[in-house]
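To start, the structure itself, in structure tokens.
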Amino acid sequence: MRKKLVAGNWKMHGSLTDNAALLSAIKPALAGMEAVVCVPFPYLAQVQAALSGSSIAWGAQNLSDQPKGAFTGEVSAAMLLDFGCKYVIVGHSERRSLFGETDAVVARKYVAAQAAGLTPILCVGESLEEREAGITERIVARQIDAVIEAAGVASLARAVLAYEPVWAIGTGKTATPEQAQAVHAFIRSKIAALNATIADGLTIQYGGSVKASNAAELLAQPDIDGGLIGGASLIADEFVAICKAAAN
Ligand code: 13P
């Protein structure tokens, strides 16, 4: 059976003080349970110190596609490894829409992450206009194809996918379980057409306004294998409840 995995994406939130409180609340509550927190770069050392030896893994929210060099402001995969990261989010819709990351850039970052031994959490998803135009599947397929072309379908054995409809991110508007399941099933069947074993084993998270109150019904869908959690990952009780819903 494929693994259910919940990851928190803190985005550009947190402070040393707030993080310490959040981490000290979630660590004992999730003892023995697998979960991930993806935190801003400056807090990786703090998270490493707080979570080392626990069942919670950590990661970053972005990385450079370059290994090193004169790239002011960038952070390499090797640097993330230095701080014990296991995961890195790649291609989040905020990176795509606000920072101009194209499918090609996202694919290069995915390759760089895997080359260093990090597990990319590859985000895909359509905008509201794209959904209303009826082209959700075309958009998601294009985003996934860019990565498959760059890295091959077998690379998905070392990745996590996250379906995040852009219109559901930070809006309080969650996709219904049926809407989310339909896209997850589409993604899995698309990959299965290339490699059924890889598709069957692939963890596909749903992201977009997941909360403790709606996690169970989303996670009950057959092709939803966990969640990528924004706002609710900053609230200890919410994040813990979502992780527990995934474990049940
Ligand atoms: P929210 O859970 O705040 O909607 O954010 C989802 C997200 O973008 C996670 O990557």
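Numbering of ligands and ligand atoms starts at 1, following listing order. One-based numbering along the sequence shown. In this text, all values refer to a predicted model and were calculated from it rather than measured experimentally.
- Placement of Trp58 and Ile121 in two distinct hydrophobic clusters is found when ILVMFWY residues are connected by side-chain heavy-atom separations under 4.5 Å, directly or transitively.
- Among protein residues, Asn9, Lys11, His92, Glu164, Ala168, Ile169, Gly170, Gly208, Ser209, Leu228, Gly230, Gly231 come within 4.0 Å of ligand 1, judged on heavy atoms.
- Salt-bridge formation is not detected for the pair Arg96/Glu101: no Lys NZ or Arg NE/NH1/NH2 atom is positioned less than 4.0 Å from an Asp or Glu carboxylate oxygen.
- Scanning for side chain to side chain donor-acceptor pair (under 3.5 Å) contacts around Asp237 gives an empty result, with sequence neighbours left out.
- Residues Tyr110 and Ser155 have side chains that bring a donor and an acceptor to within less than 3.5 angstrom of each other.
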Inset, instruction - Given side-chain hydrogen bond (donor to acceptor under 3.5 Å, both in side chains), test Trp167 with Glu126 step by step and report yes or no. - result: CA-CA 8 Å; Trp167 47 273; Glu126 82 288 4; 2.8 Å; yes

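- Aromatic ring pairs are classed by plane angle as parallel below 30°, tilted from 30° to 60° and perpendicular above 60°; the pair His184 and Tyr163 is perpendicular.
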